[in-house]
Number of protein chains: 2
Amino acid sequence: MKAWQEIQLQALQTNDSEHQLFQTIVSLAAELDFDYCAYGLRLVLPLNNPKIVKTSNYPTAWQAQYQAKNYCAVDPTIKHALCSTLPILWTDGLFASTAEFWEEAHSFGLRYGWAQSMRDVHSATGMLTLARSDEPLSETELAAKAFKMAWLTQNAHIALSRRLLPKLLPEADTKLSNREIAVLRWTADGKTSGEIASIMKITERTVNFHINNAATKLNAANKTSAAVKAAMLGFL
Amino acid sequence: MKAWQEIQLQALQTNDSEHQLFQTIVSLAAELDFDYCAYGLRLVLPLNNPKIVKTSNYPTAWQAQYQAKNYCAVDPTIKHALCSTLPILWTDGLFASTAEFWEEAHSFGLRYGWAQSMRDVHSATGMLTLARSDEPLSETELAAKAFKMAWLTQNAHIALSRRLLPKLLPEADTKLSNREIAVLRWTADGKTSGEIASIMKITERTVNFHINNAATKLNAANKTSAAVKAAMLGFL
DNA sequence: ATATAAGCTGTCAATATTGACAGTTGTTAG
DNA sequence: CTAACAACTGTCAATATTGACAGCTTATAT
């Protein structure tokens, strides 16, 4: 079990690629008796059509099928992950309204599984799924493995999102100046430029100047988008 | 160790008060050999001056001191919690620039400790701190207890924030209509009312109508604030 | 010394927003 | 049947925003 105690350092301090890191996660999953393992990352932005990336050791044919049929939009575990960070067990009830999806998954050997998600300071959501073909998953087993699941979800997300985020969401690397942050904070709280000018004892012109600079840096079309992006990415 | 496997059900399904729940957490902390235990919840809104509530079994005098001197604004563990969900260990280095704070904590018996935070779908941040007076905290001990810490942080936050959030942030209970959500999403992505009208094939007047209704529900002064609130609270 | 960045300010015209007036239609739950 | 609600539309005036012009000061890093 040494690996469990070392992965955190490894995951965060080494220069391992996403692929290498994911292999480490796969082997930790195997130690928990799960052959299959999947990590999904969903960014928040843009709010219409947010980006999702997936990595798994599922059968290639199933990965292709999932992608082709856009099962992301249907998958009840993803729905759950987006509104709760509690672990969710694959049960017939959960998949009741998505029978086709559930049967196809079965046909690829994905039968018993569970998933847990977390959200980070950039509002990105990471979901880790552990699954297998043969052995049913009892409540007892879940309870016994819940600690490691919580930990693995966290660390998998931290390690993988660190590597994926800069590529997928360049705005996350933006540096805002102190003034830009202050002005955007008040903006996000619903103040007009004029009100912010009074509060900060500067000209309205200057307020708009800072907002505009921030919006440019954040690749935002206007101040509403700039405020939302800055808030969601944790800059405020 | 039965308690560990049962707290999740208990925390989520019972009608226990915050106080009772916190006592459960205290006893789980004790099983991990920590006498002291603190849970802090920080809401995001308003972005200027966000609300923070704390619960702990720290000496009453220290709690009062912490509050009186507004140590929230200084505490390096809070700073860390707001930008990372990794556990953080109380070290002299961490408190190097806040010597007075650190020494006072010592004088109340708070010497060895660590903390971990998480963020939920409402963008609220929860931080759990475990501490004690006597026994130093080795890296080995941390590594061995990291799983339970991750789990406890999650469950403490889920259970306590469920009870605290409605009181502290009434907007979190708002129900937005489908149209309001759609319009706010496009707004948050930086579209003007006119553009949204084209996209959704409705009048600009109707777009503004929906935005205005959503802003009223969300207690927002204007559409920027409405978009930020809705996005941060996970409605979009 | 000099470049770079942050911070600050001015004006003007074109657009966008908000607020307050007043309505219609269709669906759903009691 | 009726109340409640979501969705939709109209006009008009007062405010707010954005974009494009141009320029100053101060601090920090090379």
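Within every chain, numbering begins at 1; the chains are lettered A, B, ... in the order of the sequence lines, protein sequences first and strands thereafter. Only a predicted model underlies this, so the values are computations on that prediction, with no experimental measurement involved.
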Closest nucleotide of DNA chain C for B/Gly194 versus for A/Lys201: which of these residues is on the 5' side?
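Between the two, 5'-proximity favours A/Lys201.
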
Of A/Ile202 and A/Lys217, the one whose closest DNA chain C nucleotide lies more 5':
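This one resolves to A/Lys217.
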
Kindly say if [X] contacts the phosphate of [N], meaning a side-chain N or O under 4.0 Å from OP1 or OP2.
X	N	answer
B/Thr203	D/dG10	yes
A/Asn222	D/dT17	no
A/Ser177	C/dA5	no
A/Arg205	C/dT11	no
A/Ser193	D/dT17	yes
B/Thr206	D/dT9	yes
B/His210	D/dA6	no

B/Arg42 side chain near B/Leu82 side chain, heavy-atom distance below 4.5 Å
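The answer is yes, as the side chains (C-beta and beyond) meet within the 4.5 Å cut-off.
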
Nearest-Å distance, [atom1] ([X]) to [atom2] ([N])?
X	N	atom1	atom2	answer
A/Ile196	C/dG7	CD1	P	15 Å
B/Met200	D/dA6	CE	P	15 Å
A/Lys191	D/dA16	NZ	P	13 Å
A/Glu180	C/dA6	CD	P	7 Å
A/Asn208	C/dT11	CG	P	14 Å
A/Phe209	D/dT17	CZ	P	17 Å
A/Asn212	C/dT9	CG	P	16 Å
B/Ile211	D/dA6	CD1	C1'	16 Å

So which heavy atom on A/Ala172 is nearest to which on A/Phe235, and how close?
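Smallest interatomic distance, heavy atoms only, reads O-CZ, 3.6 Å.
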
Over all heavy atoms of both residues, which pair between B/Ala226 and B/Leu218 is shortest? Give the atoms and the distance, please.
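Taking B/Ala226 first and B/Leu218 second, the nearest heavy atoms are O-CD1, 3.6 Å.
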
5' priority, DNA chain D, between A/Glu204 and B/Arg179 [closest heavy atom]:
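Whichever sits nearer the 5' end wins; that is B/Arg179.
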
Starting the side chain at C-beta, find the nucleotide from C/dG7, C/dT17, C/dG19 nearest to A/Asn178.
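My answer, after comparing the listed nucleotides, is C/dG7.
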
Once you apply a heavy-atom cut-off of 4.0 Å, does A/Asn213 come out as touching a base, just sugar-phosphate, or nothing?
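Counting heavy atoms under 4.0 Å across all strands, no contact is made by A/Asn213.
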
Before we go on, tell me: are the rings of B/Phe108 and B/Trp102 under 6.0 Å apart, centre to centre?
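Distance test on ring centres: not under 6.0 Å, no.
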
Under 4.0 Å between a side-chain nitrogen and a carboxylate oxygen: does that hold for B/Lys217 and B/Glu171?
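Salt bridge absent between B/Lys217 and B/Glu171.
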
